[in-house]
Amino acid sequence: MPEKESEEPMEVGSNEKDNNDDVIVVSSSDAEVAVVGEDKDKSAKSSSSSSKSGKGGKSGDASLLPWVEKYRPAVLGDLISHQDITSTIQKFIDMDQLPHLLFYGPPGTGKTSTILALVKQLYPKDYQSQVLELNASDDRGINVVRETIVGFASTRTMFNKKFKFVILDEADAMTNDAQNALRRVMEKYTENTRFCLICNYLSKIIPAIQSRCTRFRFGPLSADQMMPRIQHVIDSENVTVTEDGLNAILSLATGDMRRSLNILQSCATAYKTVDEESVYICTGNPSKQDINSIVQWLLNKDFSSCVDGIHDFCSIKGYSLQDIVTQVHLYCVKIDFPHSVKCKLLSKMADIEERLLGGASEFLQLTALVASFTSARHEAIELAATS
Ligand SMILES: Nc1ncnc2c1ncn2[C@@H]1O[C@H](COP(=O)(O)OP(=O)(O)OP(=O)(O)O)[C@@H](O)[C@H]1O
Ligand SMILES: [Mg+2]
């Protein structure tokens, strides 16, 4: 572990702006604000950012924070799953051999939380002067690398042997020029500075940067892993949640802990009891019963009455066809169609979803969905007759 020093660290180097008073700290969450010099206090109050959640939680009124921030893990031990990652990083720290890090994986899986807990553990007192945090809300061009990052990394801390830390959150939003410029900077200042890059899409990070870092993948969290953490929030907030309500939250969250906490909070605000129905209504997702009815129509009604039926149903309930396709797809996997018919149907549904995401007409895609089911039914009947 790096030594702890009681003296206030003193910076020397090429960029005189980067002294302790003017250190640039940019937060990581959705309400990010650049904090420079005297604006620091103001932003600390206004932002619910994670970099300040450790501090901000104390200075602000925690009850006003969204639950995702209020329950952001403060120490590595609070993180659910990814124990292999946290223990590996802990070993690096214990051996004083922390490499440059690259965290990647889908949203809401704990990447930002992990690095924030780590730097808070590494720099309990001098976080503000030792850590530079940049994210997608900041300029991600080459100038940030040349000025902000080089300015921060090139200054040395006297009386303090600890290395500095640069967190580049949402690094996949950095331009290629900026990433190329970062290659040399990472090497040149390795003695003094460690980098942690965080992204959702690894393919958007140039190979040269990837090879300079130790990579860690944060996979989607399983329902079993999310359950104890969400239960902890339910207990702390005194929310009444039924078992089917909890299961609905976990299934809609699809491995994203942030989404599960957001759904829980909005349902708890809107309803006294969070049950399955309230979760589906609150999130605007079609309920299981509704999807059941739609699947029955698709499997049994004739083409035109099925199109009209689903169209009217969606208009009344306010569902988008995309939500219907996603949920119907889950049923399709279980339908007792011959294998070849099922494969064709699923592939057609995937095409419909892609076209919907591309902005195609909902009504036209609805007819395509009904047509796919109608031909699947005919094919299944023909196959059954010939076999
Ligand atoms: N592994 C985890 N353990 C406990 N809480 C978690 C975990 N992952 C996410 N959360 C919760 O979800 C919130 C968001 O997590 P975080 O910001 O770390 O996600 P992320 O992986 O950085 O997502 P993104 O890629 O969208 O930036 C946290 O504030 C925390 O409440
Ligand atoms: Mg993040």
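Order of listing sets the numbers, starting from 1, for every ligand and every atom in it. Predicted model only: the values in this text are computed from it and were never measured. These numbers come from the heavy atoms of this one structure, side chains and all, not from hydrogens, waters or symmetry mates.
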Taking only heavy atoms of [X], which atoms of ligand 1 are found under 4.0 Å from at least one of them?
{"X": "Pro107", "value": "23 (O), 24 (P), 25 (O), 26 (O)"}
{"X": "Gly108", "value": "8 (N), 9 (C), 19 (O), 20 (P), 21 (O), 23 (O), 24 (P), 26 (O)"}
{"X": "Leu79", "value": "1 (N), 2 (C), 3 (N)"}
{"X": "Gly110", "value": "7 (C), 8 (N), 9 (C), 18 (O), 19 (O), 20 (P), 21 (O)"}
{"X": "Val68", "value": "28 (C), 29 (O), 30 (C), 31 (O)"}

Q: Working to the nearest 0.5 Å, report the span between CG of Asp235 and CD1 of Ile230.
A: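 Rounded to the nearest 0.5 Å, the CG-CD1 separation comes to 11.5 Å.
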Checking a contact table here: which protein heavy atom is nearest [atom], and how many Å away?
{"atom": "atom 15 (O) of ligand 1", "answer": "Ser113 OG, 3.6 Å"}
{"atom": "atom 17 (O) of ligand 1", "answer": "Arg72 NH1, 3.0 Å"}
{"atom": "atom 2 (C) of ligand 1", "answer": "Ile80 CG1, 3.5 Å"}
{"atom": "atom 10 (N) of ligand 1", "answer": "Met257 CG, 3.4 Å"}

With a 6.0 Å cut-off (strictly less than), is the heavy-atom count around [atom1] of [X], excluding the residue itself, greater than 12?
{"X": "Gln365", "atom1": "CD", "answer": "yes"}
{"X": "Phe303", "atom1": "CZ", "answer": "yes"}
{"X": "Lys301", "atom1": "NZ", "answer": "yes"}
{"X": "Lys344", "atom1": "NZ", "answer": "no"}
{"X": "Arg355", "atom1": "CZ", "answer": "yes"}

Q: Work out whether the distance between some heavy atom of Tyr71 and some atom of ligand 1 is less than 4.0 Å.
A: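 Right, Tyr71 reaches ligand 1.
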Q.
With no hydrogens and no angle check, just 3.5 Å: does a side-chain donor-acceptor pair link Ser129 and Asp126?
A.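 Side-chain D/A pair, Ser129 to Asp126: absent.
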**Q.** No-hydrogen, no-angle side-chain donor-acceptor test under 3.5 Å, Asn262 and Arg259
**A.**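 Distance-only check fails for Asn262 and Arg259.
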Q | Closest to atom 25 (O) of ligand 1 (judged by heavy-atom distance), picking from Glu170, Arg258, Lys111 | A |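 The option holding the nearest heavy atom is Lys111.
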Q) Where the closest heavy atom to atom 22 (O) of ligand 1 is concerned, which of Leu261, Thr112, Thr86 has it? A)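 Answer by nearest heavy atom: Thr112.
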Q: Return yes or no for this condition: an N or O of Thr109 is under 3.5 Å from an N or O of ligand 1.
A: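 Yes, at least one N or O pair falls under 3.5 Å.
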(Q) Would Asp78 count as a polar contact of ligand 1, with the cut-off being nitrogen or oxygen pairs under 3.5 Å? (A)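 In this structure, Asp78 places no N or O atom under 3.5 Å from an N or O of ligand 1.
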Q) Counting backbone and side-chain atoms alike, does Ser113 have an N/O/S atom under 2.8 Å from the Mg ion (ligand 2)? A)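 So Ser113 does not bind the Mg ion (ligand 2) by this criterion.
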Q) Which bit of Asn200 gets closer than 4.0 Å to ligand 1, counting heavy atoms only: side chain, backbone, both or neither? A)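 Under 4.0 Å from ligand 1, Asn200 contributes side-chain atoms alone.
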Q) With backbone taken as N, CA, C and O and side chain as the heavy atoms from C-beta onward, which portion of Pro73 lies under 4.0 Å from ligand 1: side chain, backbone, both, or neither? A)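 Side chain only.
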Minimum heavy-atom distance [X]-[Y], with the two atoms named:
{"X": "Cys267", "Y": "Cys282", "answer": "SG-CB, 3.5 Å"}
{"X": "Lys70", "Y": "Glu237", "answer": "NZ-OE2, 2.7 Å"}
{"X": "Leu221", "Y": "Ile80", "answer": "CD1-CD1, 4.0 Å"}

